[in-house]
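Okay, so here's the structure we're looking at.
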Amino acid sequence: MRITIFGVILLGILTLIYFYHNTVRLDHVKLSGLQGKRENPNPLRKNKVVITSFQMGVGRNDALGLILASPYNNSNQQAQLYKYEPKIKNDFLMQVDEEKIKEWVKKRDFREIKATFRNIVNKYLDEPVKEVYISNFFYE
């Protein structure tokens, strides 16, 4: 009888320790469903962009590679960006000559690259994009 009472008390103590340990451990866990969601304002983090990539020869031994991201606000704007992507690429390549590319690279004029691309993109969209981003850039 004493062994049974001792066993029940020991089992009760172990159960209390187990529940206490799990309760303390859960205090440090953040439950995402109970917290308010914070939006990241960067459209590249939201994956709400259309990526356009360019590879251009500049001179005999040089090459420029650009990956530009155009954020969209709605599905209509996204559809237009995908629809007109070949035309946007063609216009950009036709408008930018070798001297201009070399000047951009020499001065590291990323603003001018983005402004030129944004102006071309906005020619094809009903609702213009406010900003484009350079996702990747290389010059060899």
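No hydrogens, no waters, no symmetry mates; every other heavy atom, side chains included, goes into these values. None of these values were measured; they are calculated from a predicted model.
For the ring-ring contact (aromatic ring centres under 6.0 Å, His included) test, residues two or more places apart in sequence or in another chain that qualify with Phe92 are Phe54, Phe117. Residues passing the side-chain hydrogen bond (donor to acceptor under 3.5 Å, both in side chains) test with Glu127 are Asn73, Asn74, sequence neighbours excluded. Taking the salt bridge (Lys or Arg N to Asp or Glu O under 4.0 Å) definition, one finds that Glu112 meets it with nothing, sequence neighbours left out. With sequence neighbours excluded, no residue satisfies side-chain hydrogen bond (donor to acceptor under 3.5 Å, both in side chains) with Gln77. Residues that satisfy the salt bridge (Lys or Arg N to Asp or Glu O under 4.0 Å) test with Lys107, not counting sequence neighbours, are Glu103.
Residues Arg118 and Val121 fail the side-chain proximity criterion, which asks for heavy atoms closer than 4.5 Å. Using a 4.5 Å heavy-atom threshold, the side chains of Asp109 and Ile113 count as separate.
The backbone N or O of Ala115 sits less than 3.5 Å from a side-chain atom of Asn119, completing a donor-acceptor pair.
Of the residues listed (Ile51, Asn76, Thr52, Val50), the one engaging Leu81 in a side-chain contact (heavy atoms from CB on, under 4.5 Å) is Val50, and it is the only one.
Linking Ile, Leu, Val, Met, Phe, Trp and Tyr whenever their side-chain heavy atoms come within less than 4.5 Å puts Ile120 and Tyr82 in one cluster. There is a path of hydrophobic side-chain contacts, each under 4.5 Å, that joins Ile13 to Ile5.
Across Val132 and Pro71, no two heavy atoms sit closer than the pair CA-CD, 4.3 Å. Taking each heavy atom of Gln78 and Tyr72 in turn, the nearest pair found is NE2-OH, 3.4 Å.
Leu10 contributes atom CG, which lies 9.0 Å from atom OG1 of Thr15 (distance to the nearest 0.5 angstrom). Taking CD1 of Ile67 as the start and CD1 of Ile134 as the end, the distance is 11.0 Å to the nearest 0.5 Å. Residue Gln80 holds its CD atom at 10.0 Å from OG of Ser75, rounded to the nearest 0.5 Å.
Among pairs with a residue in residues 81-94, those fulfilling salt bridge (charged side-chain N to carboxylate O under 4.0 Å, His left out) read Asp91-Lys123, at least two apart in sequence or across chains.
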